Protein chains: 2
Amino acid sequence: MEVLATDTEQLIKDTAKKVFFVDGNIHATTQDIADAAGINRASIHYYYRSRKLLFDKVFEEALIEMRSKLESIASASLPIKEKTEKFIDFFIERSMQHPYLELFIVTEHNSDPSIPLKIMPKDRHDEQMKYLEAEIAREVKAGNMKPIKPEHFIVTMMSLCSFPFLGKSIIESIFDMDKEGYAKFIKERKQVIMQLLFLDA
Amino acid sequence: MEVLATDTEQLIKDTAKKVFFVDGNIHATTQDIADAAGINRASIHYYYRSRKLLFDKVFEEALIEMRSKLESIASASLPIKEKTEKFIDFFIERSMQHPYLELFIVTEHNSDPSIPLKIMPKDRHDEQMKYLEAEIAREVKAGNMKPIKPEHFIVTMMSLCSFPFLGKSIIESIFDMDKEGYAKFIKERKQVIMQLLFLDA
DNA sequence: GTCTATAACAGGATAGAC
DNA sequence: GTCTATCCTGTTATAGAC
């Protein structure tokens, strides 16, 4: 943990987050960020030395925040249905705040796969997968799910949660939605996803 | 339709497609493309005048091809299950050929939402949606589907088809997959998707 | 039609005044 | 700590020789 950041330092970081994750300007220059923050371009270099370092800082913070939240959802020993619900809530809420963060993670991780995305160490990961497998088996037995491998379940859940935000502008365009139409659509998604994943939802 | 393109002109376009959509180098410079094509940078300007015009051309062609294929799938009067299967096949096949095309479409359409993505005019779109609605109702009655709005069905299908490719590197990273592991995973996806969408699959 | 040379410019980074 | 001025580099684009 650092000592208290000055106001300007924090302002730059917050503005960068807004420009990158809210406005979706992936190519934003230091000038763009400086303009958005109402400060001088040189100040960015004063506090962060380079554009790359600022970007890395902002991106890393976003990842850390995401990891810690996912970790706390994953580690709770809840039934799969409730866990899934929490997971969906987390995704929707986060994407409302930072609509483009998902896209950033995807593109950044494409160009640099060394960025660590794993939210937990291998042993805990394996443990969680086993837990998930058992939970699925339980639901299958109860007639609430069809059999599915845990990896496929997770990717399915990620697909259903991510794409409506990744493809926001595509969806709006295809279905001629305005802002409200899209918001309404997203609101309905949670139930749609739960009904897809669980036969008794 | 144009007259026969010279070899170099075609080579440049093909190379650009490879660099953008196969290698995923979204920031590729004219120099990068020239190098990949084994030609001189000036030739790109000779044939396409500017980087932007080349990019637009390549991107537009990809969109046209996609639109025409989707159009032919959509317009076939097949039962929803078979249409869905064709749709999944198309997506998987295309993403195998051009792994990054999807990501390009998403990011490009974000920065320029005026890019036309609709695959058909409004009246045909409405007609298709009604058809889809009726098909869903039929399957619901037969006990093969849960009720779902056509818009949600389409977005669900797109989500399930797109994300495994958009998030390729994330998936590989989370599950410690190598190239074969990922390929195997993708192969299994079609069945997983069909089982999710249709109760009798 | 293809190459070399060079212009023109944008963006990142630094020095130094204040 | 913030600003202006300046440098440096990478990239696009064009002119002109061949």
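Lettering follows sequence order; numbering is per chain, from 1. No experiment lies behind these values; they were computed from the predicted model shown. Every heavy atom of this structure was used, including side-chain atoms; hydrogens, water molecules and symmetry mates were not.
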What is the distance, to the nearest angstrom, from the [atom1] atom on [X] to the [atom2] atom on [N]?
{"X": "B/D32", "N": "D/dG10", "atom1": "CG", "atom2": "C1'", "answer": "11 Å"}
{"X": "B/H45", "N": "C/dA8", "atom1": "NE2", "atom2": "C1'", "answer": "13 Å"}
{"X": "B/I44", "N": "C/dG1", "atom1": "CD1", "atom2": "C1'", "answer": "15 Å"}
{"X": "B/I12", "N": "C/dG1", "atom1": "CD1", "atom2": "P", "answer": "11 Å"}
{"X": "B/L53", "N": "D/dA13", "atom1": "CG", "atom2": "P", "answer": "8 Å"}
{"X": "B/N25", "N": "D/dT11", "atom1": "CG", "atom2": "P", "answer": "11 Å"}
{"X": "B/Y48", "N": "D/dT14", "atom1": "OH", "atom2": "P", "answer": "17 Å"}
{"X": "A/R51", "N": "D/dC8", "atom1": "CZ", "atom2": "P", "answer": "23 Å"}

Can you figure out which of [options] approaches the side chain of [X] most closely?
{"X": "B/N40", "options": "C/dA15, C/dA13, C/dC3", "value": "C/dC3"}
{"X": "A/T29", "options": "C/dG12, C/dT14, D/dA15", "value": "C/dG12"}
{"X": "B/Y47", "options": "C/dT2, D/dA13, D/dG1", "value": "C/dT2"}

OP1 or OP2 of C/dT2 versus the side-chain N and O atoms of B/T8: is any pair under 4.0 Å? yes

Looking at C/dT14, I'd like to know if its phosphate oxygens (OP1 or OP2) sit under 4.0 Å from a side-chain N or O belonging to A/Y46. no

Atom CD of A/E93 with >12 non-hydrogen neighbours under 6.0 angstrom: no

Answer yes or no: does atom NZ of A/K118 have more than 12 heavy-atom neighbours from other residues, nucleotides or ligands under 6.0 Å? yes

Using a 4.0 Å heavy-atom cut-off across all strands, classify B/R41 as base, sugar-phosphate, or nothing. base

Determine whether B/K83 and B/E135 satisfy the following criterion, salt bridge (Lys or Arg N to Asp or Glu O under 4.0 Å), listing intermediate values before the conclusion. CA-CA 11 Å; B/K83 240 187 205 184; B/E135 280 289 300; over 6 Å; no

Considering only NZ, NE, NH1 and NH2 on the basic side and carboxylate oxygens on the acidic side, decide whether A/K168 and A/E172 come within less than 4.0 Å. yes

Salt bridge check: are A/E65 and A/R94 linked by an N-O gap of less than 4.0 Å? no

